[in-house]
Amino acid sequence: MATQTGGARSSGGARPGGGAGWRGRMRDILAGLSLASMNIPQVLGYTRIAAMPAVTGLYTVLLPLVAFACFGASRHLVVAADSATAAIFSSALEKMAPPGSAHYMALVSMVALLSAGFLLVARLFRLGFLADFLSRTVLVGFMAGVGIQVALAMMRDMLGIATTAHNSVLQLAQMLSRLPQASVPTIVLSACVVGLILTGDRLAPRLPLGLVTVVGSIIASMALGFSRFGIATIGPIESGLPRLRLPDVSWNDMLALLPVATSCVFVIIAQSAATSRAFAVRFHDPVDDNADILGLCAANAVAGLSGTFTVNGSPTQTAMAARAGARNQLAQLTFAAVTMVVLVFLTGPLRYLPRCVLASIVFTVAVGMIDLRAIRAIRRESPGECGLALVTAAAVVGIGVEQGIFLAIALSLFRHVRHSYEPHTMILQYDGHSGLLEPHDVAAGRQTLPGLVVYRFCADLFYANSARFGADVRLMVDSAPVPVACIVIDASAITDIDFSAASDLRDLFRALRTRNVTVIFGRVSPYLRADMDRHRITPVVGAANIHAQLHTAIAAARAFLPPPDATHQQAV
């Protein structure tokens, strides 16, 4: 998918309600209400991973949401607390300060500010192109992996089991070993919520079921006292709006935080780009990765100033927004407005929300992120790419989000390099019926005409595949039934030659010249001709033997062919 470097904002990018009528705006406002009902409890849960006070989770969906809506380009990306970045900084910072202490909270906020600074540098250097290495195959695998990872993480609260591991595989192992400790009332309530949401999605997909479920469970918990039955609730939450201030951190601490912030930034760029592109593909929207980086920079800056932790583009929350009907950032602004109301007036009732209800809602969203139809389509059309998608999903689940994304990018690049390393090569031969040149595999003894070979190499020439080029040419010359007088190279697919390949080609062409074999190039683009001149291939081949069209190259080659009677005698 093409990446826009500008203009996404002018086409409506992140502007709330851009181009939408009142029905569209009402749809997005309702989606924002539903999104808030599901995500406010979820970000409270992320504070457990971050080892921060519960109220800081609400801060991540207040000013950061507004900042991204103002500066970002994605219509769908929800920027908020994220488990991947929370796990990264919490594991590093707990060695520098006691978790939950004032010093620890200051370090966490400084990580967000440093991340904002690095993101600003990334925007200035227009590093959004890095997202181009995320293919659709990788995106499908990434979303499936995140879905499995989040579903496993939610199952512990759905079962009423406590786990300590961050890794999904270890979480599953701990849950299985502690199944006898599971809470039956919690399991029953979780099953009811999952059943209600899945049934409602089929029968009434536009109803805000998340909002209804959360409000209903809070009322039931207050009336029936769910805690008496062993059903855990969120608990007390501090009220009030955040105060903007710089975190009090020493210069030495700031230097120590640079590697942590760098790790967070890599995850932020990769995960946010993967998520925004996945939903842009789904809704056929333009993408401006550089504008999104600026939005993420602004979001992390206000997160650090408001005393909370690093925020990221969340695949789970973005999926929730899309399923709730959100089509632009008006839904996210509504979400922020609801958060402000909750912080000022409603932190009291929120304490009664059962954790298993929240987990069940997120679980249904996570399962929906596993697009089995897309995986089957990839497998049907390209089994190799399907393997790449599955490896990506497995890496995200087994290793982690950030490692999974980078492994997927590395595998995608390796697969591309392998195609370039082993490109298609062919000999063009005249068809007996049409008289046109048709491609055939390179094989010993195959020629275009007696004494003539028209050879096509379907990739740019670089150090890794130039040996393949030379091996093909030597095979065609050494095995020819009639001695080869001329080789015409169809260079339509060659646009670049690197230094190493150029050196190999010069040696090859000089060796052919000693055997009285003339080399002629056809379909040479201006880019290739510039490389041939720069790498001194033109003097070896001869400027007269370089043609912009293939038919003129073949016509020139016929002058070097032996007469028909001589050809016949040579063949005999």
Side-chain angles (χ1 to χ4, degrees), residues 40-65 67 79-119 153 156 162-167 170-171 234-268 271 296-297 299-312 314 339 343 347 350-351 355 400-402:
I40 284 177
Q42 183 180 0
V43 296
L44 294 174
Y46 286 146
T47 59
R48 289 187 295 165
I49 302 174
M52 291 283 281
V55 70
T56 60
L58 293 177
Y59 293 165
T60 65
V61 287
L62 184 62
L63 296 180
L65 279 179
V79 176
D82 178 69
S83 58
T85 49
I88 289 172
F89 68 71
S90 63
S91 60
L93 299 188
E94 64 184 9
K95 303 171 185 176
M96 300 177 61
S101 65
H103 187 206
Y104 179 88
M105 294 171 61
L107 293 175
V108 168
S109 296
M110 181 53 69
V111 170
L113 286 176
L114 291 174
S115 299
F118 286 142
L119 287 167
R156 57 188 175 185
T163 61
T164 56
H166 290 309
N167 181 272
L170 297 179
Q171 286 177 358
I234 288 180
I237 300 172
E238 180 184 346
S239 63
L241 298 176
R243 291 178 295 174
L244 298 181
R245 61 183 182 274
L246 284 171
D248 185 12
V249 174
S250 69
W251 178 253
N252 289 333
D253 283 341
M254 193 179 303
L255 292 178
L257 294 176
L258 291 178
V260 183
T262 302
S263 300
C264 289
V265 166
F266 276 116
V267 176
I268 289 169
Q271 180 171 305
L296 291 163
C297 167
N300 276 282
V302 296
L305 293 174
S306 58
T308 188
F309 48 94
T310 305
V311 293
N312 190 9
S314 171
T339 302
L343 278 167
T347 52
L350 196 59
R351 65 185 296 178
R355 290 187 182 275
V401 172
E402 63 275 20

Can you tell me how far apart [atom1] ([X]) and [atom2] ([Y]) are? Round to the nearest 0.5 Å.
X: Leu114; Y: Leu107; atom1: CG; atom2: CG; value: 10.5 Å
X: Leu93; Y: Met110; atom1: CG; atom2: CE; value: 12.0 Å
X: Asn300; Y: Ser109; atom1: CG; atom2: OG; value: 11.0 Å
X: Ser306; Y: Leu58; atom1: OG; atom2: CG; value: 11.5 Å

Minimum heavy-atom distance between [X] and [Y], given as atom pair plus value:
X: Val61; Y: Thr339; result: O-OG1, 3.4 Å
X: Val265; Y: Phe118; result: CG2-CB, 3.6 Å
X: Ala97; Y: His103; result: CB-ND1, 3.7 Å
X: Gly57; Y: Thr60; result: O-OG1, 2.5 Å
X: Phe309; Y: Ala112; result: C-CB, 4.2 Å
X: Val311; Y: Ile268; result: O-CD1, 3.7 Å

Do the side chains of Leu257 and Phe89 get nearer than 4.5 Å, heavy atoms only? no
Look at the side chain of Thr347 and the backbone N and O of Leu343, then say whether any donor-acceptor pair between them is shorter than 3.5 Å. no
Give every donor-acceptor pair under 3.5 Å between a side-chain atom in residues 235-252 and any protein atom, sequence neighbours left out.
| residue | atom | partner | partner atom | Å |
| --- | --- | --- | --- | --- |
| Ser250 | OG | Asp253 | N | 3.2 |
| Ser250 | OG | Asp253 | OD2 | 3.2 |

Listed partners of Val302 passing side-chain contact (heavy atoms from CB on, under 4.5 Å), at least two apart: Leu63, Pro64, Ala67
